[in-house]
Amino acid sequence: MIQLGAKVNLVICQKSKIDDWVQHFKENYCDWHKREVIDCTKLKKDDWFKLQHMRMPPSVPIILIINYDLVFRRKELLNLKNFTLMLDESSLIQNETAKRTKFIMKLNFDNLILLSGTPTSGKYENLISQINLLGWGISKDLFWRQYVDFHYEVNEQGFPNKIVDGYKNVDRLKYKLRQHGCRFLKTEEVFDLPEQVFNDIKVYSSKEYRKFRKSRIVTVDDVELVGDTILTKMLYERQLCGMYSKDKLEALKDLLQSSDDRIIVFYNFTQELYKIEDICYELDRPVSIVNGQEKNLSMYDEYDNSVTAIQYQAGAMGLNLQKANKIVYFTPPLSSELFEQSKKRTHRIGQKSTCFYYQLICKGSVEEKIYRTLAMRKDYTDKLFEEDERGS
């Protein structure tokens, strides 16, 4: 972006990365002292009016930084011209019908930089927005016909749905992407990062879980769980492997007792967080929390024996947690992208130690199926669960 030398530069990133980008430009590019770095999330209405009517190009080059959830609400950005646009984690515009995607597609940039470690999450059909933005004007229909093997299935409402079976002409697709500026690099080709070590810690499934699998109803901790639909059955099976699993909680406690290092724990449900917190308080371990309601990393920053509990949707992407080198997966996510991104929170620039990952798994449970699916870089979807159900 710096080498392109545009007078105006717009960086769009996740909200959690705003401060990181501001700090990055100010600390690492001292020769840019004549340039102005603007955190657009802090601009007031009058500031936006001034920005909209400022002289373009400006006398002093500017870097505007804004997050995906705010960008489409700032129509003033549509007036920018002759600028460089950079999308950090460009996979966030996979959905071509989303407001953020539609807005970004309308921007009048001269130069474009897309950054992503997981641009498709293994699903090539999700590339269409990004390749259109790069200037490859292939239609969605033609892209599917040329590069995706699929068939149709009629849903419950009587409408046909496309079901992806695989991909074709992949070498040709990569060639076309390279023609439009894509560079494919593995992490080890870019950074010299330490080894990653994965460990499965298996515990017995509870009698409540086994009973629920057979009867779809069970009472645990004075709560009645009724799996009267495929979705509720999957939900309660996952919960019985997490917050209701005494053996799983005991295994987590053993892990935390075995090391005084900083530890990251990924979880799914709020009740899981409460159980994790109880264990940490019992062991006198400082706790930081990142979820939809809270982002507090003060204990992580201050104490080298802290435990940081992170809900996948809120913190699997965007956080820099290389002070820690141990991640515990209390329960697995259903999303392959969130799972792959979560591994990178510690395995990143600045990490000097071997990274350890501990997957707590209930034997003979839905968790084994989920982890097998995630290992194939696929989502454990409701449809897949439905097929498992018919086969079991």
Side-chain angles (χ1 to χ4, degrees), residues 1-2 6 8-29 32 35-52 54 61-80 83-109 111-119 121 126 129-130 133-134 288-297 300 310-321 335 337-338 340-342 344-345 348-349:
M1 188 185 78
I2 294 170
V8 179
N9 303 273
L10 175 63
V11 177
I12 304 177
C13 61
Q14 294 171 288
K15 185 176 181 181
S16 62
K17 298 295 292 181
I18 292 285
D19 291 340
D20 290 339
W21 274 111
V22 171
Q23 182 179 1
H24 176 75
F25 285 119
K26 290 183 175 180
E27 289 188 358
N28 295 289
Y29 298 96
W32 272 42
R35 292 156 171 81
E36 186 175 4
V37 181
I38 301 175
D39 179 352
C40 292
T41 64
K42 297 179 180 179
L43 293 181
K44 298 179 181 179
K45 188 174 181 179
D46 290 344
D47 296 323
W48 279 104
F49 180 82
K50 294 176 183 176
L51 179 63
Q52 184 178 3
M54 69 184 297
I62 61 172
I63 306 170
L64 306 171
I65 305 175
I66 195 168
N67 60 294
Y68 284 99
D69 295 325
L70 182 61
V71 66
F72 63 87
R73 297 181 172 90
R74 296 294 179 252
K75 309 299 183 186
E76 297 88 349
L77 293 173
L78 293 174
N79 296 321
L80 294 180
F83 70 98
T84 293
L85 171 64
M86 184 163 73
L87 303 187
D88 182 18
E89 202 55 64
S90 61
S91 61
L92 292 173
I93 63 166
Q94 288 180 19
N95 182 0
E96 68 267 23
T97 64
K99 290 181 179 179
R100 66 175 69 165
T101 304
K102 291 180 177 179
F103 183 86
I104 290 171
M105 298 293 286
K106 295 178 183 177
L107 292 171
N108 299 305
F109 53 84
N111 312 304
L112 175 68
I113 302 170
L114 304 183
L115 303 175
S116 181
T118 54
S121 305
N126 290 340
S129 296
Q130 294 172 81
L133 198 62
L134 286 168
S288 277
I289 297 172
V290 177
N291 57 28
Q293 289 73 46
E294 182 178 358
K295 181 188 175 183
N296 182 355
L297 292 173
Y300 163 82
I310 303 176
Q311 195 172 37
Y312 287 100
Q313 289 83 351
M317 302 170 69
L319 294 178
N320 294 322
L321 301 174
S335 164
E337 180 175 18
L338 291 180
E340 294 303 318
Q341 286 281 355
S342 68
K344 299 176 182 178
R345 295 315 98 211
R348 55 197 308 108
I349 299 174

Open item on the list: For the residue pair Asn291 / Gln311, report whether a side-chain donor-acceptor contact shorter than 3.5 Å exists.
Closed with: no

Task: Nearest heavy atoms of Phe103 and Val71, plus distance in Å - done: CE2-O, 3.3 Å

Open item on the list: Does any part of the side chain of Asn320, heavy atoms only, come nearer than 4.5 Å to the side chain of Arg348, both counted from C-beta?
Closed with: yes

TODO: Please name the pair of heavy atoms, one in Gln14 and one in Asn67, separated by the smallest distance, quoted to 0.1 Å.
DONE: C-CB, 3.9 Å

TODO: Hey, could you give me the CE/CG distance between Met86 and Asn111, rounded to the nearest 0.5 Å?
DONE: 12.0 Å

Open item on the list: Quick check: closest heavy atoms across Lys102 and Thr97, and the distance to 0.1 Å?
Closed with: CE-O, 3.5 Å

Task: Heavy-atom side-chain proximity of Gln341 to Glu89 below 4.5 angstrom - done: yes

Task: Gap separating the CG atom of Asn108 from the CG atom of Leu77, nearest 0.5 angstrom - done: 11.0 Å

Task: Residue that, paired with Leu64, satisfies side chain to side chain contact (heavy atoms under 4.5 Å, CB included) out of Asn9, Leu85, Leu80 - done: Leu80

Task: Atom pair CD1/CZ of Ile104 and Phe109 - distance to nearest 0.5 Å - done: 9.5 Å

Task: Test item: Phe25 and Val11 side chains (from C-beta on) under 4.5 Å apart, heavy atoms - done: yes

- [ ] Starting at NZ of Lys344, measure out to CG of Leu319 and round the result to the nearest 0.5 Å.
- [x] 14.0 Å

TODO: Over all heavy atoms of both residues, which pair between Ser91 and Glu337 is shortest? Give the atoms and the distance, please.
DONE: OG-OE2, 2.9 Å

Task: More than 12 heavy atoms of other groups within 6.0 Å of Lys75 NZ - done: yes

- [ ] Starting from the C-alpha separation in whole Å, work towards a yes-or-no answer on side-chain contact (heavy atoms from CB on, under 4.5 Å) for Leu92 and Leu87.
- [x] CA-CA 9 Å; Leu92 292 173; Leu87 303 187; over 6 Å; no

- [ ] Would you check if the side chain of Tyr68 reaches a backbone N or O of Arg100 as a donor-acceptor pair within less than 3.5 Å?
- [x] no

TODO: State the CD1-CG distance between Ile63 and Asp39, to the nearest 0.5 angstrom.
DONE: 12.5 Å

Open item on the list: Restricting to non-hydrogen atoms, name the atom on Leu133 and the atom on Leu112 that form the minimum distance, rounded to 0.1 Å.
Closed with: O-CD2, 3.4 Å

TODO: Would you check if Leu70 and Lys15 make a side-chain contact, meaning some heavy-atom pair closer than 4.5 Å?
DONE: no

TODO: Look at the side chain of Ser288 and the backbone N and O of Tyr300, then say whether any donor-acceptor pair between them is shorter than 3.5 Å.
DONE: yes

- [ ] Test side-chain contact (heavy atoms from CB on, under 4.5 Å) on Leu107 and Leu78 and set out the steps.
- [x] CA-CA 5 Å; Leu107 292 171; Leu78 293 174; 4.0 Å; yes

Task: Separation between OG of Ser335 and CE of Met317, rounded to the nearest 0.5 Å - done: 8.5 Å

Open item on the list: Donor-acceptor check, side chain of Arg345 to backbone of Leu321, threshold 3.5 angstrom: yes or no?
Closed with: no

TODO: Answer whether the closest heavy-atom distance between the side chains of Ile62 and Val8 falls below 4.5 Å.
DONE: yes

Open item on the list: Which heavy atom of Ser129 sits nearest to which heavy atom of Ile93, and what is that distance?
Closed with: CB-O, 3.0 Å

